[in-house]
Amino acid sequence: MSKPNPVRAAAVTLAGIGLAAGALTAVAPPASARTQAPDTLFPGQGNPGYDVRSYDVSLGYAPATNHLRAVATIRARAEHALASYHLDLQGMHVRAITVDGRPATWKRHGHELVVTPRRKVRGPFTTTVRYAGTPKEHTDPDGSTEGWVRTHDGATALGEPVGTMTWLPSNNTPGDKARYTFRVTAPSTVQVAANGDLAERVRRGPDTTWVWREKDPMSTYLATVAIGRFDVHRSSTRSVTGRTIPIWSFTDPTTSSASRARALLPRVIRFEEKRFGAYPFTSAGMIVDDAKVGYALETQTRPFYPGGVDTPTLVHETAHQWYGDSVTLRDWHDIWLAEGFATYTEWLWGAAHGGHTPAQRFDSLYAKPADNALWHPAPTEFTDPADLFGSPEYNRGAMTLQVLRERVGSKDFFAILRAWARAHRHGNVRTAQFVALAERISGDDLGGLFSDWLRQDGKPAGY
Ligand SMILES: [Zn+2]
């Protein structure tokens, strides 16, 4: 995510949690753990006991009324026999649920949709939820808007951190990635964008059904559907691996054709491929729409921009395709693994195009006084969900990477970034795994460095 000014007032009341150097590597659960522990920041999101393999969602949408009529088919695997299980769904009217083709019963408690199948599910099972209604926007703890966001001629779905539950019953936690098929039927006067590749577009009477497939694993918060009047731009670019990457961009003609950003996108992809390794997905592009949310979002393969697209934001959201979308945090406390990396990529691009060097950016931030919001709370230590998109996660996160680079040298630094993208492609990660990888590649003990920069409240001394 990128806001025009992500530096917002952060709470400074949180007491620093002192940790001995090196403690960072000892706190994370094993990467192989399949069971979803509740997210520490959003404990109501995500559900234990199963792993979603795919969502196949059919949406019938009426732009004039913002009404949705939907069927979601969710294929999952139970980790043990389940007599009932939860999905996350906010609002909407559930009309029917079947499990493996048999009618099931359900109850709703707030955002929890509790499904009780006729018999216990074991191993692979399929849940089909029929639902309808007018999906709601969701207001985040920091006051920003996400979810199913109405536009002047349709809607755009934005899901970070939890908004996807407003239109899709799901295991709404970043740690449960799945494949997606979106089948959206709307009047032929509007166009439909979503993640991945356009598989089909079928006109029937006054309506057109658009079928988009995201075949690579995706976290729920990165899913999007955008419906409205768009100019559709089709092109392609070539990956460093020689592969052709189709580019689909949808721009609202009343906001911006984004022609400069569209022309720049292949160069940005190439710039980032040279530093991070091959582009991780099968397609690229952008969605430019008038959803008045005040931020851009790295929706997978096809980031969303609210109107004009400036170059730093384009570089930032594209960098997220590696760090955030392909290599995804498992717990929201580790969001610096997305935002710190995307911010640092803006620094790299700036330096390569006549701007300040990362070292200069670091120095001007480091000059900020000790009571600045940049230093409180430490990037991985916030407890208030309103601090999720604060300055520590973005700027102090990027500074952490610059400190690492100065410590291990540029050669090892970029080797670490590439190895990180390669080793955890389409996976989920914790900070401790990054620390371990950086130590392995550099041969240095980096526990103190990461503890100072990520865990200790206040301005790190001596840098
Ligand atoms: Zn971001």
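Every number for a ligand or one of its atoms is a count from 1 in the order of the listing.
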key: Closest Glu339 atom to the Zn ion (ligand 1) [N, O or S only]   = OE1
ask   = Is there an N/O/S atom in Met1 that lies less than 2.8 Å from the Zn ion (ligand 1)?
value = yes
ask   = Got an N, O or S from Glu317 under 2.8 Å of the Zn ion (ligand 1)?
value = no
inquiry  = Salt bridge check, Asp56 against Arg183: does any charged N sit closer than 4.0 Å to a carboxylate O?
reply    = yes
ask   = Does Phe434 have Arg430 sitting over its ring (NZ/CZ under 6.0 Å from centre, angle to axis within 45°)?
value = no
message = Test salt bridge (charged side-chain N to carboxylate O under 4.0 Å, His left out) on Asp51 and Arg77; report intermediate values, then the result.
response = CA-CA 5 Å; Asp51 174 29; Arg77 177 175 282 274; over 6 Å; no
message = Could you check whether Asp216 pairs with Arg179 (Lys NZ or Arg NE/NH1/NH2 to Asp/Glu carboxylate O, under 4.0 Å)?
response = no
note = the Zn ion (ligand 1) has as its nearest N, O or S atom from His316 the atom NE2
